[in-house]
Amino acid sequence: VLLNRKIDDSTLDEIEEILITSDVGAESATEIADLLRSKVRAGEIRSSDDVTTCLKGEMTALLGRSQPLVLFGERPFVILTVGVNGVGKTTTIGKLASRFIAEGNSVIIAAADTFRAAAIEQLEIWARRTGADLVKHQSGSDPAAVAFDAVEAAKSRGTDVVIIDTAGRLHTKSPLMEELKKINRVIKKALPDAPHEILLVLDATTGQNALRQVRIFNEAVGITGIALTKLDGTAKGGIIFAIKKEVGIPVRLIGIGEGVDDLKDFSTEDFVTALFE
Amino acid sequence: SLSDKLDSIFRKLKGRGLLKEEDVDAALKEIRLALLEADVNFKVVKEFIRHIREKAVGKEVLESLSPGQQVVKIVHDALCELLGATNTRIQLAPNPPTVIMMIGLQGSGKTTTTAKLARFFKKEGRRPLLVAADLQRPAAIDQLATLGKQLDLPVFLSRETKDPVAVSEEALKRAKLDGRDIVLIDTAGRLHINEDLMVELKRIKEKVSPREILLVADAMTGQDAVTMAKSFNDQIGIDGIILTKMDGDARGGAALSIRNITGKPIKFIGTGEKIDMIEPFYPDRVAGRILG
Ligand SMILES: Nc1nc2c(ncn2[C@@H]2O[C@H](COP(=O)(O)OP(=O)(O)OP(=O)(O)O)[C@@H](O)[C@H]2O)c(=O)[nH]1
Ligand SMILES: Nc1nc2c(ncn2[C@@H]2O[C@H](COP(=O)(O)OP(=O)(O)OP(=O)(O)O)[C@@H](O)[C@H]2O)c(=O)[nH]1
Ligand SMILES: [Mg+2]
Ligand SMILES: [Mg+2]
């Protein structure tokens, strides 16, 4: 899209447009464009091929090295999955369970979304598909109790990984955020070092609101990793630049489809390349 | 606020006078930023700013408003005009049943909204039939069945077939036999770039001739809103839009982008997870929210 030609204002405008339409955000896009402009003026960039190389370099540096999800410490390794409604939490858990099991781990999934219609049934299907065990209570019961029971069960059975599904919740709803804090506290009662990973699931089609989601979930329970879903669509997920800059939380995983194998480790290089495709 | 930022730009302008070009251009920079931060699509913003510039330059500064407030009013009114539409009621078919088809990306809120609409019609004294035509997502049928049960409304479903077209056709036959006057078809979430799944939607449309095809879109959608809405509209044809999760704090620029690119009316907004949380769409409320 940026054929080799001399740099002028229209080239830099084009770059700003690509960045903005990728959900990088107007402020970050302008910062990056200004940075390139100053390098052009300093003579560090001569052709538009240079611009592309420099741009990709800048963005790769901004994102930093990939930090994949690694199991560490004493077992069970507990993952708490959180995020707003419909982003792909339950599906991502199914994919993660499949991956951990393929790597030789035993997995318990906790059906702690006790609110939404057929949430437990949805997870039951994923558990069956992947060979993971499922801990569930009745619909409408206390989600913290489900999480607690799942961690207790993992401790007594010697299970390697516990993945806890929670109900989608908008970060603007304080009673729901309080419920999440309670789930987190109760998990700690069962296992003081847990959760080892608090995974925020973000939808790549979401715009600038993703930044607010990260801020508020992070303030509430402390997010240690992000899963960015639906990158198999046309949305680019550029918001992760602003997220990295503001809170430094790594994107661990990306969702690239609805199937059990459609989960990849986040690669900075692949992401930056895809941004300009 | 945007109004404050614009006031500082127009500080030198007092009472009587005209909005000068350079002042308006400075204001437009701020407005452009506000709209982009609100997730309005880049190209839609460009067009909109050009439109505002024409309206604002050379206008007389009113006594009752500060120049900044006046420009905000010009922008707000223009947004309302662009967002608004006359045809925002669900159109009923001349010969019942009226078939309504819910389409959209994964997780946008189709299943929940299908149930919300069913409740809305039931309250109006109608006899809706819910149709579980998502045969792909785990427990999608159970989800709609559970919601139907909550509403004490019938849900047409089949666990035998993998063909949503067949389910939709059968459901329509059943609706006619049972005297149901509204048929609400919940479809599986899909990507506009998945050719097979878009063909599937076309086939359902051919077989059941929906009176309304509603695009269910998430209010927090970013720049991609234009790409996906245009694609759904070009390939399937939509009659209206429902914007969900408006109870969050997303500014909702997707509303302007989708309305602008499809020309179709926004009919409802989803305002919560519970089954009664759906409201008609009011352009001036959404306009104010986009401006932030
Ligand atoms: N194309 C695509 N679809 C996805 C991806 N991840 C999830 N989905 C779909 O998105 C929809 C919502 O997924 P869920 O897993 O139910 O999302 P959730 O966050 O658990 O939803 P709630 O529990 O209702 O808040 C489903 O149709 C999934 O199949 C992905 O990476 N790509
Ligand atoms: N807060 C809020 N949540 C909503 C609203 N509408 C739907 N939801 C939630 O969004 C999530 C996804 O809703 P679904 O109805 O399953 O979405 P869908 O489009 O049918 O998903 P797929 O069939 O997987 O494509 C659920 O958690 C719903 O409760 C709304 O207006 N506000
Ligand atoms: Mg879920
Ligand atoms: Mg659905």
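Chain A is the first sequence line, chain B the second, and so forth, proteins listed ahead of strands; every chain is numbered from 1.
Residue contact with chain B, scored on non-hydrogen atoms closer than 4.5 Å, involves the side chain of Q213(A) exclusively. With a 4.5 Å cut-off on non-hydrogen atoms, L211(A) does not touch chain B at all. With a 4.5 angstrom heavy-atom cutoff, R251(B) does not touch chain A via any of its atoms. For T227(B), the part lying under 4.5 angstrom from a heavy atom of chain A is the side chain only. Residue contact with chain B, scored on non-hydrogen atoms closer than 4.5 Å, is absent for V87(A). Proximity to chain A (any heavy atom under 4.5 Å) is shown, for L144(B), by neither the backbone nor the side chain.
Annotation: E160(B), atom CD; neighbour count of heavy atoms from other residues, nucleotides and ligands within 6.0 Å does not exceed 12. Annotation for E27(A): atom CD does not count as buried by contact number, only 12 or fewer foreign heavy atoms lying within 6.0 Å. The number of heavy-atom neighbours closer than 6.0 Å to NZ of K29(B), taken from other residues, nucleotides and ligands shown, is 12 or below. In the displayed structure, K136(A) atom NZ is contacted under 6.0 Å by at most 12 heavy atoms of other residues, nucleotides or ligands.
Residue V84(A) comes nearest to M220(B) through the heavy atom pair CG2-CE, 3.8 Å, listed as atom of the first residue, atom of the second, then distance. Taking both residues in full, the closest heavy atoms of A139(B) and A118(A) are given as O-CB, 3.8 Å, listed atom of the first, atom of the second, then distance. In plain terms, the two heavy atoms of D23(A) and Q223(B) that are nearest each other are OD1-N, 2.9 Å.
Here E17(A) pairs with K43(B) in a salt bridge; the nearest charged N to carboxylate O distance falls below 4.0 Å. The residues K236(A) and D224(B) are annotated as not salt-bridged, no charged nitrogen and carboxylate oxygen being separated by less than 4.0 angstrom.
Summarising the geometry, atom CG belonging to D218(B) is positioned 8.5 Å from atom CG belonging to N85(A); distances are rounded to the nearest 0.5 Å. The OG1 atom of T111(B) sits 8.5 Å away from atom CZ of R116(A), with the distance rounded to the nearest 0.5 Å. Going from atom CG of D247(B) over to atom OG1 of T172(A) covers 6.5 Å, rounded to the nearest 0.5 Å. With rounding to the nearest 0.5 Å, the separation of CG in L170(A) from CD in E273(B) is 6.5 Å. Taken from CG in L36(B) to CD in Q208(A), the straight-line distance is 9.0 Å, to the nearest 0.5 Å.
There is no side-chain donor-acceptor pair under 3.5 Å between Q122(A) and Q143(B).
Residues of residues 190-197 of chain B lying within less than 4.5 angstrom of chain A, judged on heavy atoms, are L191(B), H192(B), I193(B) in numerical order. Residues of residues 228-237 of chain B never come closer than 4.5 Å to chain A when only heavy atoms are counted.
Residues P138(B) and E121(A) form no side-chain contact, since every pair of their non-hydrogen atoms from C-beta on lies 4.5 Å or further apart.
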Worked verdict on L105(B) versus T205(A) for side-chain contact (heavy atoms from CB on, under 4.5 Å): CA-CA 9 Å; L105(B) 293 177; T205(A) 66; 4.2 Å; yes

Could you walk me through whether T91(A) and Q106(B) pass the side-chain contact (heavy atoms from CB on, under 4.5 Å) check? CA-CA 11 Å; T91(A) 307; Q106(B) 290 88 348; over 6 Å; no

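Chain A forms more heavy-atom pairs under 4.5 Å with one residue of K245(B), Q150(B), E37(B), K46(B) than with any other, namely K245(B). Of the listed residues D142(B), T112(B), D39(B), the one with more heavy-atom pairs under 4.5 angstrom with chain A than any other is D39(B).
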